[in-house]
Chemist: 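Let me give you the structure first, and then I'll get to my questions.
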Amino acid sequence: MKIVFPVAGVGTRFLPATKEVPKEILPVIDKPLIQYAVEEAVASGLNNFVFITAPGKEALERYFSPNAELDEFLRRHRKTHLLAGVKSFYKKKFTYIRQEQALGFGHAIALAQPAIGNEAFAISLPDDLILSETPVMAQMLAVYEKYRSPVIAFMEVPPADVPRYGIAAGPFLEERVFAIEKLVEKPTPASAPSRHAVIGRYIMTPDIFPLLKKEKKGAGAEIQLTDAVVELMQRRQVLGYFFEGKRFDAGTTLGYIETLVHVALQRDDTRDFTRRLLRGLAHDEKL
Ligand code: UTP
């Protein structure tokens, strides 16, 4: 199965950094967000990547390709291990498709059709960094294999956060899996059918493409995937899946700070320092 990374967004919430640096290159400590997302895909058995990029985001295309000068420099200084993580991607299959104008997430997905053809495919938004024992895409692939229906990742959010997400409701088929009957983009807390929020991981079937093409511009004058999924739900079952793991919203400034701290607490080389730092700060706070 191929996996699409729609990474053509403008990244307004991270300006001014994203004026020149694609949001997906922003590092969580020393590893860019996009690398976390690609590593999660690889750990889930997905090795064929389709990037929807934008003019000005060429750094993303270069990131997974060899850099002969840097390789040579590191070889001379016996530091080639520093690039080992990235080098493992040099031989994998990347396809880059340009979205000339930021016409929306749904529009970006529609552009992937020539690379996808008539197969089911995965979608991953690198803003959502997910830490879990079993990689989240592997969990979702197991659900897809069982039901052969599109699968969307979900998590429960507090009422106040409901207006930031796609929200869905429907009957549970088994623990963690529900059949989506209602799906609304960014509802008010009063009108939301539940607190089940869409997270940036999907497995879609190719019958979504004609629906995306039909789509008029939705919320915020962009072509949204949600609107096409609502139409798809009238034709076939679409599933929601409550993944096992913890998701961090690295696409907002506060979420980014939270992501950094959690990853720092997970890594052997940063855990002790971060714990001491947090303890020290908590102590200062009391004074
Ligand atoms: P977001 O809504 O997070 O937009 O897009 P953004 O541009 O990345 O960030 P802000 O809101 O301006 O700060 C969700 C996903 O869809 C992609 C984004 O790159 C992100 O992965 N996207 C969005 C596109 O590929 N093309 C678009 O036209 C819009």
Side-chain angles (χ1 to χ4, degrees), residues 2-26 28 32-38 40-41 49-61 63-64 94-116 121-130 136-137 152-155 157 161-167 184-187 197-202 204 208-209 212-213 215-229 247-259:
K2 291 178 180 157
I3 179 161
V4 178
F5 296 96
V7 288
V10 180
T12 45
R13 285 169 294 180
F14 263 98
L15 283 168
T18 45
K19 176 174 173 290
E20 294 302 328
V21 181
K23 177 173 66 175
E24 300 77 12
I25 299 273
L26 294 179
V28 175
L33 277 171
I34 189 67
Q35 190 172 336
Y36 284 92
V38 173
E40 176 201 298
F49 316 113
V50 179
F51 278 45
I52 312 298
T53 65
K57 293 186 107 174
E58 292 76 14
L60 269 169
E61 301 179 22
Y63 186 73
F64 292 103
F94 288 84
T95 304
Y96 298 101
I97 295 171
R98 279 284 182 94
Q99 186 187 30
E100 293 299 334
Q101 278 180 291
L103 296 177
F105 170 38
H107 179 258
I109 298 302
L111 292 176
Q113 186 175 18
I116 298 296
F121 63 104
I123 304 171
S124 174
L125 306 190
D127 274 15
D128 283 340
L129 193 153
I130 298 176
V136 63
M137 270 301 175
I152 302 177
F154 276 84
M155 69 179 221
V157 295
D161 289 351
V162 152
R164 292 173 40 210
Y165 292 90
I167 300 289
V184 277
E185 190 60 40
K186 302 184 171 63
V198 174
I199 296 309
R201 300 289 185 277
Y202 307 74
M204 276 294 139
I208 194 73
F209 287 124
L212 279 169
K213 293 228 172 80
E215 235 18 273
K216 300 263 159 20
K217 288 176 181 176
E222 291 187 339
I223 296 173
Q224 298 296 348
L225 181 66
T226 305
D227 301 331
V229 171
R247 167 261 192 184
F248 298 94
D249 182 7
T252 63
T253 46
L254 297 184
Y256 185 71
I257 295 169
E258 193 189 4
T259 312

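Atoms within each ligand, like the ligands themselves, are counted from 1 in listed order. Starting from 1, each residue takes its place in the sequence as its number.
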Chemist: State which residues pass ring pair (Phe, Tyr, Trp, His ring centres under 6.0 Å) with Phe64; sequence neighbours excluded, sorted by chain then number.
Modeler: Phe51, Phe89, Phe94

Chemist: Polar pairs, ligand 1 vs protein, N/O only, below 3.5 Å.
Modeler:
unit_1	atom_1	unit_2	atom_2	d
ligand 1	3 (O)	Arg13	NH2	3.0
ligand 1	7 (O)	Val10	N	2.8
ligand 1	7 (O)	Gly11	N	2.9
ligand 1	8 (O)	Lys23	NZ	2.6
ligand 1	9 (O)	Lys23	NZ	3.1
ligand 1	11 (O)	Arg13	NE	3.1
ligand 1	11 (O)	Arg13	NH2	3.1
ligand 1	12 (O)	Gly11	N	3.4
ligand 1	12 (O)	Thr12	N	2.7
ligand 1	12 (O)	Thr12	OG1	2.5
ligand 1	13 (O)	Thr12	N	3.1
ligand 1	13 (O)	Thr12	OG1	3.4
ligand 1	13 (O)	Arg13	N	2.7
ligand 1	13 (O)	Arg13	NE	2.9
ligand 1	19 (O)	Pro6	O	3.2
ligand 1	19 (O)	Ala8	N	3.4
ligand 1	19 (O)	Gly9	N	2.9
ligand 1	21 (O)	Pro6	O	2.7
ligand 1	25 (O)	Ala8	N	3.0
ligand 1	26 (N)	Gln99	OE1	2.7
ligand 1	28 (O)	Gln99	OE1	3.2
ligand 1	28 (O)	Gln99	NE2	3.3
ligand 1	28 (O)	Leu103	N	3.2
ligand 1	28 (O)	Gly104	N	2.7
ligand 1	28 (O)	Gly104	O	3.4

Chemist: Nearest 0.5 angstrom please: Asp161 CG to Asp249 CG, how far?
Modeler: 9.5 Å

Chemist: Please round to the nearest 0.5 Å and tell me the distance separating atom CD1 of Ile116 and atom NZ of Lys2.
Modeler: 6.0 Å

Chemist: Between His107 and Glu222, is any pair of side-chain heavy atoms under 4.5 Å apart?
Modeler: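 Result no, sub-4.5 Å side-chain heavy-atom pair not found.
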
Chemist: Out of the candidates Ile208, Ile123, Val229, only one should pair with Tyr202 under the side chain to side chain contact (heavy atoms under 4.5 Å, CB included) rule; please name it.
Modeler: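 Exactly one pass, corresponding to Ile123.
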
Chemist: Can you name the one residue among Ile223, Val50, Leu212 that meets side chain to side chain contact (heavy atoms under 4.5 Å, CB included) with Ile109?
Modeler: Leu212

